[in-house]
Amino acid sequence: MPTTTPLEQAVRDQLDRYFEDLGESAPNDMLAMVNLCVERTVLLVAMERTEGNQTRAADMLGITRGTLRKKLQVHQLTA
């Protein structure tokens, strides 16, 4: 039986709430929306936890510093 982590449960709870807010409207491009929201939040937390040190944040995320910089630009999180 698969177990649900607290993070997975939090995502599920938010998606349930999203569907409730949608009402009768059909969801559109939901995976892209969730990915963007989650990625932005993960980037923000990594940057906060490393006090803005991109090298350490990239290591924390398991991506290269170059990839981190591109993602920060996409999400308009650069100074």
Side-chain angles (χ1 to χ4, degrees):
M1 174 186 256
T3 58
T4 302
T5 67
L7 180 58
E8 290 170 330
Q9 188 60 51
V11 171
R12 175 174 284 280
D13 291 346
Q14 290 304 310
L15 287 172
D16 287 343
R17 213 168 140 190
Y18 171 74
F19 279 104
E20 286 177 18
D21 291 345
L22 271 180
E24 297 297 320
S25 301
N28 186 17
D29 210 6
M30 194 173 94
L31 183 57
M33 177 197 69
V34 170
N35 284 339
L36 280 175
C37 290
V38 170
E39 184 173 79
R40 180 181 170 80
T41 302
V42 169
L43 291 170
L44 283 168
V45 169
M47 293 303 291
E48 288 170 6
R49 293 284 178 159
T50 61
E51 299 176 351
N53 184 311
Q54 292 183 359
T55 300
R56 287 181 33 224
D59 287 344
M60 178 187 289
L61 297 169
I63 59 177
T64 66
R65 187 170 173 262
T67 299
L68 174 61
R69 291 173 61 103
K70 288 178 189 169
K71 289 182 179 292
L72 291 173
Q73 288 174 346
V74 166
H75 291 281
Q76 299 178 342
L77 297 174
T78 56

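Just so it is clear, the values below take in all heavy atoms, side chains as well, and ignore hydrogens, waters and symmetry mates. In what follows, residues are counted from 1 in the order of the sequence shown. Model, not experiment: these values are computed from the prediction.
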Apply salt bridge (charged side-chain N to carboxylate O under 4.0 Å, His left out) to Glu8 and list each qualifying residue two or more places apart in sequence or on a separate chain.
-> none
Residues in side-chain hydrogen bond (donor to acceptor under 3.5 Å, both in side chains) contact with Thr64, at least two apart in sequence or another chain | Thr67
Applying the side-chain contact (heavy atoms from CB on, under 4.5 Å) test to Val38, which of Asn35, Val42, Thr41 qualifies?
-> Val42
side-chain contact (heavy atoms from CB on, under 4.5 Å) with Val74: which residues, sequence neighbours excluded?
-> none
Hey, could you give me each pair passing salt bridge (charged side-chain N to carboxylate O under 4.0 Å, His left out) that has a residue in residues 58-70? Not counting sequence neighbours.
-> none
Is it possible for you to say whether Leu43 and Met60 belong to one hydrophobic cluster, with membership spreading through side-chain heavy-atom contacts below 4.5 Å?
-> no
Atom pair NE2 (His75) and CG (Leu36), whose distance is rounded to the nearest 0.5 Å | 5.5 Å
Sequence neighbours excluded - salt bridge (charged side-chain N to carboxylate O under 4.0 Å, His left out) pairs with any residue from residues 22-47 | Glu39-Lys71
For Ala57, what residues pass the side-chain contact (heavy atoms from CB on, under 4.5 Å) criterion, not counting sequence neighbours?
-> Ala46, Met47, Thr50, Leu68
Is there a chain of hydrophobic side chains (I, L, V, M, F, W, Y, each step under 4.5 Å between heavy atoms) that links Val34 to Val45?
-> no
In residues 11-23, what donor-acceptor pairs under 3.5 Å come from side-chain atoms, sequence neighbours left out?
residue	atom	partner	partner atom	Å
Asp13	OD1	Gln9	NE2	2.8

